[in-house]
Amino acid sequence: MTGIGWFMSLIIGALAGWLAGRFMDREHSLIMNIVLGVVGAMVLNWILSTILGSTLGGLIGQTFVGFAGACLLIAAAKMIRDRNS
């Protein structure tokens with residue numbers, strides 16, 4: 001997450017992961033919510049900076065990016081699980 005410290009990244013990641021889990025109707029632990037939020041934000045920040053040349057900044061912008069990235073990760077995991085079963 002750009003421009004945010006590690007502690008705030010964990011808080012935003014937990015919030016974004018929890019919101020994504022609720023939105024996608026999935027239940028995850030606190031650690032998994034943090035991982036989904038932080039990794040989702042990193043992935044979507046990379047995609048946005050590659051395509052657009054910049055990303056959303058600030059707490060609200062990074063929370064949205066983390067939420068959207070976590071939703072993408074949850075959807076990808078669901079597609080992989082559904083394909084294998």
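Owing to the predicted nature of the structure, the values given are computational and were not obtained by experimental measurement.
Cluster annotation: Trp6 is not connected to Met8 through the hydrophobic network of ILVMFWY side chains, with a link wherever side-chain heavy atoms come within less than 4.5 Å. With hydrophobic clusters built from ILVMFWY side chains whose heavy atoms lie under 4.5 angstrom apart, Leu44 shares a cluster with Ile51.
Contact of the His28 side chain with the Ile74 side chain is registered, since non-hydrogen atoms from C-beta on lie closer than 4.5 Å. Side-chain contact between Val43 and Leu72 is absent, with no heavy atoms from C-beta onward closer than 4.5 Å. In this structure the side chain of Leu15 never reaches within 4.5 angstrom of the side chain of Ile11, judged on heavy atoms. The closest side-chain heavy-atom distance from Ile80 to Arg83 is not below 4.5 Å.
Leu10 contributes atom CG, which lies 12.5 Å from atom CG of Asn33 (distance to the nearest 0.5 angstrom). We find the CG-CD1 distance between Leu36 and Ile31 to be 11.5 Å, quoted to the nearest 0.5 Å. Going from atom CG of Leu73 over to atom CE of Met24 covers 10.0 Å, rounded to the nearest 0.5 Å. In this structure, CZ in Phe67 is found 11.0 Å from CH2 in Trp18, a value given to the nearest 0.5 Å.
Closest heavy-atom contact between Ala16 and Thr63: CB-O, 3.8 Å. Ile34 and Ala14 make their closest contact through CG1-CB, 3.5 Å (heavy atoms, listed as atom of the first residue, atom of the second, distance). Residues Cys71 and Ala20 come closest through the heavy atom pair SG-CB, 3.7 Å.
Within 6.0 Å of CG on Leu52 lie more than 12 heavy atoms contributed by other residues, nucleotides or ligands. Few gaps surround CG on Asp82; more than 12 heavy atoms of other groups in view lie less than 6.0 Å from it.
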* Under the side chain to side chain contact (heavy atoms under 4.5 Å, CB included) criterion, do Lys78 and Arg26 qualify, and how do the steps go? -> CA-CA 10 Å; Lys78 185 176 185 236; Arg26 299 282 184 214; 2.8 Å; yes
